[in-house]
Amino acid sequence: MSLLTCNQFLNELSEYLDDEARGAVRDELEQHVSECPNCWVIVDTTKKTIAIYKGMEAEPIPDALRGRLMDALSRRTGRTPDA
């Protein structure tokens, strides 16, 4: 039985998907995802989403949308975006 919680697994999800987790950490992540159907669905769905986006061509973001996005990020982080 895995001792890793779902929140702990999700905190390591990026490293897990990028194959950056190594050794005992990787083993714990593998064990958790093999025992937890919810986290397995998250991993499976995320892998499929990444595969779809990797096959797509990048589209430019319209200037108005980019401005709104950067404003929202600035408010959220309290930092001014780089020009």
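When the side chain to side chain contact (heavy atoms under 4.5 Å, CB included) test is applied to Thr49, the partners found at least two apart in sequence or on another chain are Thr45, Tyr53. With sequence neighbours left out, Lys54 forms a salt bridge (Lys or Arg N to Asp or Glu O under 4.0 Å) with no residue at all. The salt bridge (Lys or Arg N to Asp or Glu O under 4.0 Å) search around Asp44 returns Lys48, not counting sequence neighbours. Partners of Arg76 by side chain to side chain contact (heavy atoms under 4.5 Å, CB included), not counting sequence neighbours: none found. Partners of Arg68 according to the side-chain hydrogen bond (donor to acceptor under 3.5 Å, both in side chains) rule, which considers only residues two or more places apart in sequence or in another chain, do not exist here. A search for side chain to side chain contact (heavy atoms under 4.5 Å, CB included) contacts involving Val25 returns Ala21, Leu29, not counting sequence neighbours. With sequence neighbours excluded, no residue forms a side-chain hydrogen bond (donor to acceptor under 3.5 Å, both in side chains) with Asp63. Applying the ring-ring contact (aromatic ring centres under 6.0 Å, His included) rule to Phe9 yields the partners Tyr16, His32; only residues at least two apart in sequence or on another chain are considered.
Cluster membership check: Val33 shares its hydrophobic cluster with Leu17, using side-chain heavy-atom separations under 4.5 Å among Ile, Leu, Val, Met, Phe, Trp and Tyr.
Rounding to the nearest 0.5 angstrom, the gap separating the CG atom in Leu69 from the CZ atom in Arg66 is 8.0 Å.
Counting all heavy atoms, side chain and backbone alike, Thr46 lies closest to Ile42 at OG1-O, 2.6 Å.
Distance alone, capped at 3.5 Å, is enough to place a donor-acceptor pair between the Ser34 side chain and the Gln31 backbone.
Residues Arg75 and Asp71 meet the side-chain proximity criterion, which asks for heavy atoms closer than 4.5 Å.
Residues in residues 6-19 take part in these salt bridge (charged side-chain N to carboxylate O under 4.0 Å, His left out) pairs, two or more places apart or across chains: Asp19-Arg26.
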